[in-house]
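Here is the naming used below: chain letters follow the sequence lines, and residue numbers restart at 1 for every chain. The basis for the numbers below is simple: all heavy atoms, side chains too, and nothing from hydrogens, waters or symmetry mates.
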2 protein chains.
Amino acid sequence: MIEWDRGEPVWAEDSAKWKQLAQELRERIESGRYRSRKRIPSQRQLEQEFGVSRDVIRQAVGHLVAMGMLKIDPGVGTSVLPPENWRLPEE
Amino acid sequence: MIEWDRGEPVWAEDSAKWKQLAQELRERIESGRYRSRKRIPSQRQLEQEFGVSRDVIRQAVGHLVAMGMLKIDPGVGTSVLPPENWRLPEE
DNA sequence: ACGAATTTGTGCGTATGTATG
DNA sequence: CCATACATACGCACAAATTCG
């Protein structure tokens with residue numbers, strides 16, 4: 001889980017919220033909590049769960065899409081791609 | 001207190017602008033002009049009002065944040081903390 | 001065919017954080 | 001200290017795509 005220091009320091013000390021969220025989502029995918037070929041919670045739901053704006057959600061999701069870990073179907077949802085599709089740029 | 005002349009602030013020569021501004025903001029907080037738990041004008045608005053750069057605004061605000069008189073919520077604004085949060089280092 | 005609900009896409013405005021010259 | 005640009009973040013509103021009754 002992610003702990004934000006809401007109201008206090010910000011992304012200055014550590015990294016941006018969207019980067020932390022992307023890491024959290026990635027862990028959920030790699031751990032199997034978000035299963036391959038299955039949909040993850042909607043952006044609205046992720047908003048609620050993590051208490052961040054859609055900006056942050058969309059940045060994080062967009063990052064994983066670029067990594068080939070997630071696939072977006074407009075009007076439908078966002079699903080997990082199987083590992084053979086991943087192209088991890090490293091970090 | 002900052003003096004005003006024809007709508008323009010008059011800055012003292014012997015003190016940094018940010019310190020004078022910090023003192024001004026502090027007085028506005030202690031006088032109740034900036035009310036507890038309410039947001040103060042945005043940095044951009046303060047820029048306009050005092051005719052200084054954001055550098056100066058941020059230095060002054062940062063000073064009051066360190067004193068526990070202001071709280072910054074990125075993407076939201078800056079608000080006044082109640083007196084019980086203040087930790088005045090002296091001066 | 002229709003309309004409602006859901007989900008993502010997009011744009012706007014505002015505010016603060018960081019970086020650079 | 002000033003000026004500027006860009007990144008990060010929040011909130012809202014509306015559009016487009018899809019699903020379902």
N/O contacts under 3.5 Å, protein versus nucleotides 14-21 of chain D?
none

* Specify the closest pair of heavy atoms between Lys17(B) and Val52(B), including all atoms of both residues, with the distance to one decimal. => CD-CG1, 4.0 Å

* Of all the choices, dC10(D), dG9(C), dT8(D), which nucleotide is nearest to the side chain of Ile72(A) once you look at every atom? -> dG9(C)

* Asked: Whole-Å distance between dT6(C) C1' and Ile40(A) CD1?
  -> 15 Å

* Residues in ring pair (Phe, Tyr, Trp, His ring centres under 6.0 Å) with Trp11(B), at least two apart? -> none

* Distance-minimising heavy-atom pair for Val10(B) and Ile2(B) -> O-CG2, 3.9 Å

* Structure fact -> Residue set satisfying salt bridge (charged side-chain N to carboxylate O under 4.0 Å, His left out) with Glu27(A), at least two apart, ordered chain then number -> none

* Start at the 5' end of DNA chain D and walk down; is the nucleotide closest to Lys19(B) or to Lys19(A) reached first? -> Lys19(B)

* Structure fact -> To the nearest angstrom, the CD1-P distance between Ile57(B) and dC1(D) comes to 11 Å

* Calculate the interatomic distance between Trp18(A) atom CH2 and dA7(D) atom P; express it in whole Å. => 11 Å

* Round to the nearest Å and state the distance from Gln43(A) atom CD to dT6(C) atom C1'. => 12 Å

* Donor-acceptor pair (no angle test) under 3.5 Å: Asp55(B) side chain, dC1(D) base -> no

* Asked: Taking only residues two or more places apart in sequence or in another chain, which ones pass ring pair (Phe, Tyr, Trp, His ring centres under 6.0 Å) with Phe50(B)?
  -> Trp4(B)

* Please collect all salt bridge (charged side-chain N to carboxylate O under 4.0 Å, His left out) contacts where either partner lies in residues 50-71 of chain A, sequence neighbours excluded, each pair once. => Lys71(A)-Asp73(A)

* For the side chain of Ser42(A), starting at C-beta, report the closest nucleotide among dT7(C), dA9(D), dT16(C). => dT7(C)

* To do: Identify, with sequence neighbours excluded, every residue that meets side chain to side chain donor-acceptor pair (under 3.5 Å) alongside Gln48(B).
  => none

* Is the distance from OP1 or OP2 of dT8(C) to the nearest side-chain N or O of Thr78(A) less than 4.0 Å? -> yes

* Structure fact -> Separation of dA3(D) atom C1' from Gln48(B) atom CD, nearest Å, is 13 Å

* Atom NE2 of His63(A) to atom P of dA9(D): distance rounded to whole Å? -> 13 Å

* Structure fact -> Rounded to whole Å, the CZ-P distance (Arg58(A) to dC12(D)) equals 17 Å

* Nucleotide of dT7(C), dA9(D), dC2(D) approaching Ala16(A) most closely (side-chain heavy atoms) -> dA9(D)

* To do: Whole angstrom is fine here: how far is it from CD in Glu47(A) over to P in dG9(C)?
  => 14 Å

